[in-house]
Enquirer: 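Here you go, one structure.
Protein chains get the first letters and strands the later ones, always in sequence-line order, with residue 1 at the start of each. These values consider heavy atoms only, across backbone and side chains, with no hydrogens, waters or symmetry-generated copies.
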There are 2 protein chains.
Amino acid sequence: MRTTTSQAPTVHRSATLQSVAEATGVHRSTVARALDPGQSHRISAEVVERVRAEAQRQGYRRDQIAASLRTGKSRLIGVVIPDLANPAFATMLAAIEDRLAIDGYSMLVADGGGSSGALPIVEELMARRVDGLVLATATRDDPVLTACISAAIPTVLVNRREDALRVTSIAANDVGGMCLAVEHLVSLGHCEIAHVAGPIDMSTGVLRRRGFEDAMRQVNLDPSFVISATEYSRDAGRIAATQLLGRWPQATAIVAGNDLLALGTIQEIKHRGLSCPDDISVIGHNDMPLLDMVAPPLTTIDAEFARMGALAARALVAGIEAARTEPEVILTTPRLILRESTAAR
Amino acid sequence: MRTTTSQAPTVHRSATLQSVAEATGVHRSTVARALDPGQSHRISAEVVERVRAEAQRQGYRRDQIAASLRTGKSRLIGVVIPDLANPAFATMLAAIEDRLAIDGYSMLVADGGGSSGALPIVEELMARRVDGLVLATATRDDPVLTACISAAIPTVLVNRREDALRVTSIAANDVGGMCLAVEHLVSLGHCEIAHVAGPIDMSTGVLRRRGFEDAMRQVNLDPSFVISATEYSRDAGRIAATQLLGRWPQATAIVAGNDLLALGTIQEIKHRGLSCPDDISVIGHNDMPLLDMVAPPLTTIDAEFARMGALAARALVAGIEAARTEPEVILTTPRLILRESTAAR
DNA sequence: CATAGTTGTGCAATCGTTCGCATTGGAGAA
DNA sequence: TTCTCCAATGCGAACGATTGCACAACTATG
């Protein structure tokens, strides 16, 4: 018996249950049971030991594909992200991966931002028989979601909510977050507060806008200084800010629908020769990485993307492993991250 | 409680080749051929049409799992990233995904940054029978890579190179990039130039350091002001900068091994009441997102992460589809991105 | 000593696709 | 007519793991 593990294990063309079984002189089903921690106690200790040794020697590794075909479970989760290159989503992705790995699932990642839309992407994921889906792309009333539901595949929405409550969704309390932002600006003495909102076909866009309007009315301010950006990007933010400052030059503070929009807004402010925060205060939303080092360091609302990712993964796995769970809405509580892009009036 | 959910089309329990075949009155192999664009010409047009219609009606979708088991090809690529949350890698991931999607592959993403190391992660990917692997985590002499090679699974390294040239790797010309950085600083009149290097067990760490030393010698400057950070992060950069400035307070310029290290260095400079770039110029490496908006906007070397990602995906797919390709090293040509963290002496 | 359990394994049927190898029914050639 | 060839399909064995059921060999029970 020469089990010198130091040498690279023999080149195993393909070790299978069968090949281990033959070498051990037992049936392949016995090998399967011996190697499964949940069943190995049903096999005599001596056989388990022999099987383990042989499996080790051959470098046997259970073929997840074959197992998936037989059991109907792939232990694969599809994750659809609107923009993979966006640092905020990178944070979320990391958290999802981390949590899924703990539960023994792997993550199939797709970028839903392409021109063809998310439907073909989700269909591809379904063909791969993913056990569940995390959608960060969902629009407020999404045909993709309808497809997932009719295919009976467990799905959670993250950072998005849909109008009909058909699946669990994890999101920040957008309305509450905007209240925080408005209250902060009011406490600094601002009255002419405007809002660069996110796209109207996304829940965050509408909810944050609604939150803005509610909060403004609450303190008896005019909530009508709002422009919706066409997408979440710096360019779109800059364009929206251009319109906004053209129409309402008296604005002394701007609440942006997300950080990228805020950054675009600041660029436009600088471009006009104005200063943020001296002339105009700006507040973002999400607290994406690096915001503490931009100029000026951006005051923002932390939407806890990492936490949302972890919660989404956890909720999805729970939904998969418990046969049925009621759809619910899990909201994270936003916090104000005070930095230097907001100043007293 | 069995409420009849608003069933849109038919509830397809699971449409299979068999079920379509039965409904059409042909054999399942005929269905398979009719549905495969590469073989449908061998089947009479009339049958193809009937099969297509029935498949459509049942919502048939080829089971990729079963196909993988049979063919031994999963059309799945494993991608291992050292730090998913790092925006630079997010960029790269987006590019990889984009390119793989074009070639019809899906991407299984794992974070190799965990404490347990990358080996178990790669083993999991191998159990899933990935057709190939993109490793952005490889160290200079990586046991993980040895495992991949002995398992005969096509692998490419990205943003990393290994000492022995066993597989294709895609990376920036690190040495050349550092030359660019040093030349730039020299042209601004700096003489006391220091280097906050990346970890010594990573190719980028060593190569950039070597590039720094070479470039310094080239212009007859002392190349010995170097401190290696323990990892690529702002904190590590700050710690390294602390040591560096303690030992060589005369430094007027610092070249950092990557942008995060540069950012940490700048934090430390500010912390000491000094100014970047007035007292000390800093130059980063990689050109990660948002650097144009930090304070001061960071001069850096663009390592073209997106391009590397695309090249890696392309090379990997080529290596999978051609039976064998010689390992090669593909280097991207770095560019200096001039911003405001460097100033004349 | 017969009966009933218990324990450890073997057996074989799936799971859904793929693909080499038949097997048809005609059309064209000898 | 008889033989060959071809086009259009059918047939069935993989691929590798899982799992309910069967069964043999014991052990405990009455």
Side-chain angles (χ1 to χ4, degrees), chain A residues 12-52 54-55 58-76 104 126-131 151, chain B residues 12-52 54-55 58-76 124 126-131 151:
Chain A
H12 24 75
R13 183 60 74 201
S14 59
T16 68
L17 284 181
Q18 183 70 43
S19 71
V20 174
E22 278 163 12
T24 323
V26 297
H27 192 266
R28 60 184 195 281
S29 62
T30 303
V31 176
R33 290 190 265 250
L35 258 25
D36 178 352
Q39 293 198 52
S40 58
H41 66 273
R42 312 185 117 295
I43 303 292
S44 71
E46 186 260 345
V47 170
V48 168
E49 200 34 59
R50 263 171 44 223
V51 166
R52 288 226 176 104
E54 179 60 24
Q58 294 193 18
Y60 170 78
R61 191 151 286 288
R62 162 168 173 278
D63 184 329
Q64 180 64 47
I65 298 254
S68 296
L69 177 60
R70 171 61 222 241
T71 62
K73 301 286 150 214
S74 62
R75 298 200 79 78
L76 225 42
M126 285 170 45
R128 291 195 180 275
R129 298 294 189 258
V130 292
D131 288 346
Chain B
H12 17 73
R13 178 69 70 208
S14 60
T16 71
L17 285 179
Q18 184 69 44
S19 72
V20 174
E22 278 162 11
T24 324
V26 296
H27 193 265
R28 62 183 190 282
S29 62
T30 303
V31 175
R33 289 190 266 250
L35 258 25
D36 178 353
Q39 295 196 53
S40 57
H41 66 275
R42 313 186 119 290
I43 301 293
S44 69
E46 185 261 346
V47 170
V48 169
E49 200 34 59
R50 261 170 46 221
V51 166
R52 287 226 176 103
E54 179 60 24
Q58 292 193 21
Y60 170 78
R61 191 149 285 286
R62 163 168 172 278
D63 185 327
Q64 178 64 46
I65 298 255
S68 296
L69 177 59
R70 171 63 221 239
T71 62
K73 302 280 149 218
S74 62
R75 299 200 79 77
L76 226 42
E124 163 72 14
M126 285 170 46
R128 291 194 180 274
R129 298 295 189 257
V130 292
D131 288 344

Enquirer: Using 4.0 Å as the upper bound for N to carboxylate O, is an ion pair formed by B:D131 and B:R75?
Expert: no

Enquirer: Identify which nucleotide among C:dG16, D:dA17, D:dT9 has an atom closest to any side-chain atom of B:T30, counting heavy atoms from C-beta outward.
Expert: D:dT9

Enquirer: Please report, rounded to the nearest Å, how far the C1' atom of D:dA17 is from the CZ atom of B:R129.
Expert: 11 Å

Enquirer: Strictly below 4.0 Å, N to O, side chains only: are B:E54 and B:R50 in salt-bridge contact?
Expert: no

Enquirer: Confirm from the modelled atom types if B:R33 and D:dG10 form a donor-acceptor pair under 3.5 Å, side chain to base only.
Expert: yes

Enquirer: Using the side-chain heavy atoms of B:S14, tell me which of these nucleotides is nearest: C:dG10, D:dC11, C:dG16.
Expert: C:dG16

Enquirer: Given D:dA17, C:dC11, D:dA13, which nucleotide is nearest the side-chain atoms of B:R28?
Expert: D:dA13

Enquirer: Where the side chain of B:R62 is concerned, which of D:dA17, C:dT17, C:dC11 is the nearest nucleotide?
Expert: C:dT17

Enquirer: Nearest to the B:S29 side chain among D:dG12, C:dG16, C:dC15, which nucleotide is it?
Expert: D:dG12

Enquirer: Over all strands shown, is B:T71 touching base, sugar-phosphate only, or nothing at heavy-atom distances under 4.0 angstrom?
Expert: sugar-phosphate

Enquirer: Calculate the interatomic distance between B:H27 atom NE2 and C:dT17 atom P; express it in whole Å.
Expert: 13 Å

Enquirer: Between D:dG10, C:dT17, D:dT9, which nucleotide has the shortest distance from any of its atoms to the side chain of B:V26?
Expert: D:dG10

Enquirer: Find which nucleotide of DNA chain C each of B:L69 and A:A45 is nearest to by heavy atoms, and output the residue with the more 5' nucleotide.
Expert: A:A45

Enquirer: Tell me which nucleotide among D:dA17, C:dT9, C:dT17 gets nearest to the side chain of A:V47.
Expert: C:dT9

Enquirer: Taking the side chain of A:D63 as its heavy atoms from C-beta onward, which of D:dG16, D:dT18, C:dC11 lies nearest to it?
Expert: D:dG16

Enquirer: Kindly compute the distance separating CD (B:E124) from CD (A:Q64), expressed to the nearest 0.5 Å.
Expert: 6.5 Å

